[in-house]
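First the structure, in the form of structure tokens, and then the observations on it.
Excluded from the calculations below are hydrogen atoms, water molecules and symmetry mates; all remaining heavy atoms, backbone and side chain alike, are included.
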Amino acid sequence: METERWALHTAEYDLDLEPGTVNALATAVFPAVLASLMPTPDPESIPDLLTRKSRHPSPALGPDLTRGFHRNLTTGEGLDFAALTIQQGRDHGLPSYVEYRTFCNLEPSVADWSDLQAIAGPEAADRLSSLYRDVRDVDLFTGLLAELPSTPGSLFGPTLSCLLGQQFLRLRRADRFCSVEQLAAIRSVTFARILCDNVPGLHRVQPSAVLVSDPYL
């Protein structure tokens with residue numbers, strides 16, 4: 001009877017898996033993704049973003065995040081997004097960036113600042129060494145922004161990619177409503193379709209919305 005109950009669902013469903021969002025994702029990973037993709041575009045600028053190449057991700061945060069987060073409309077003053085996120089991670093007791101690299105079984109392992117140079121680049125490693133006493137003290141949010149992309153064309157480094165992948169794999173395998181039919185329905189919807197249905201004034205977009213429009217494709 002139990003076998004028949006779950007017959008229509010994906011074979012990966014795990015009844016014992018916790019489907020919630022892990023602490024690191026909510027506290028550091030998602031903020032790092034937000035920081036990497038800022039500035040957030042206005043709806044009117046979305047057509048331009050779909051037809052031009054996006055900027056390369058940078059560990060440096062723009063003024064919208066360092067001085068203008070939750071800006072007060074009366075005084076014009078805002079908060080420092082990075083400082084808030086780092087403090088939040090410490091309040092939540094998150095392990096360090098180096099410990100999460102170990103959790104993800106990433107190589108090379110990080111034992112000193114020279115190891116970090118191969119992961120984040122010499123300039124970023126030198127800056128972090130002036131701020132932290134030991135490489136094992138680097139906060140998760142800071143390390144995620146500092147590390148270089150894991151593969152050509154990737155927006156994120158290997159640790160951020162690992163933690164994102166782990167979370168979404170958990171969400172899929174712990175969802176008892178994730179049936180074969182639902183997966184087919186989800187896969188039939190494209191990002192281009194979502195944009196056309198929800199962005200005011202957008203009437204046409206290339207089928208592969210995240211790729212620059214090319215008349216030969």
Side-chain angles (χ1 to χ4, degrees), residues 8-10 12-13 19-22 24-71 73 78-79 81-82 84-85 88 141 144-217:
L8 296 177
H9 294 73
T10 60
E12 294 181 339
Y13 173 66
T21 302
V22 298
L25 263 288
T27 313
V29 175
F30 286 146
V33 172
L34 171 65
S36 299
L37 300 179
M38 282 293 285
T40 303
D42 296 323
E44 295 180 356
S45 68
I46 289 179
D48 288 336
L49 293 177
L50 297 174
T51 56
R52 301 177 183 177
K53 292 184 177 180
S54 62
R55 66 178 178 85
H56 295 292
S58 170
L61 302 183
D64 286 340
L65 289 180
T66 56
R67 297 189 299 274
F69 188 63
H70 286 317
R71 187 185 301 276
L73 297 179
L79 302 174
F81 177 77
L84 287 173
T85 303
Q88 181 175 264
F141 174 77
L144 294 178
L145 288 181
E147 65 181 9
L148 300 173
S150 52
T151 57
S154 173
L155 287 176
F156 309 125
T159 312
L160 198 157
S161 299
C162 163
L163 295 176
L164 276 177
Q166 289 279 349
Q167 177 64 61
F168 285 105
L169 184 64
R170 172 188 294 269
L171 291 174
R172 185 179 72 181
R173 289 184 173 176
D175 183 3
R176 68 185 180 90
F177 297 107
C178 186
S179 67
V180 175
E181 289 79 4
Q182 286 176 320
L183 288 176
I186 292 171
R187 288 166 180 159
S188 69
V189 179
T190 66
F191 186 42
R193 179 73 269 163
I194 294 175
L195 291 173
C196 287
D197 289 344
N198 294 278
V199 177
L202 184 65
H203 304 294
R204 179 181 298 178
V205 64
Q206 62 270 24
S208 297
V210 296
L211 299 179
V212 176
S213 180
D214 190 322
Y216 299 102
L217 293 179

Query raised in the report: If you look only at pairs with a residue in residues 149-164, which of them pass as a salt bridge (charged side-chain N to carboxylate O under 4.0 Å, His left out), with sequence neighbours excluded?
Result: none
**Report entry** Spacing of Leu145 atom CG and Leu160 atom CG [to the nearest 0.5 Å]
**Finding:** 8.0 Å
Query raised in the report: At their closest point, which heavy atom of Ala26 faces which heavy atom of Gln88, and how far apart are they?
Result: O-NE2, 4.3 Å
Query raised in the report: So which heavy atom on Ala192 is nearest to which on Val205, and how close?
Result: CB-CG1, 3.7 Å
Query raised in the report: What are the two closest non-hydrogen atoms of Thr85 and Thr27, and how far apart are they?
Result: CG2-O, 3.4 Å
Query raised in the report: If you measure from CZ on Phe168 to CG on Leu25, what distance do you get to the nearest 0.5 Å?
Result: 7.5 Å
Requested in this report: Compare every heavy atom of Arg170 with every heavy atom of Val22, then report the nearest pair and how far apart it is.
Outcome: CG1-NE, 3.9 Å
Query - Nearest non-hydrogen partners of Glu147 and Leu144, listed with the distance - result: CG-O, 3.5 Å
Query raised in the report: Is a side-chain donor or acceptor of Gln167 paired with a backbone partner of Cys162 at a separation under 3.5 angstrom?
Result: no
**Report entry** Donor-acceptor under 3.5 Å (Asp175 side chain, Leu171 main chain)
**Finding:** no
Report summary line: Applied to residues 183-196, the side-chain hydrogen bond (donor to acceptor under 3.5 Å, both in side chains) test, sequence neighbours excluded, yields Arg193-Asp197
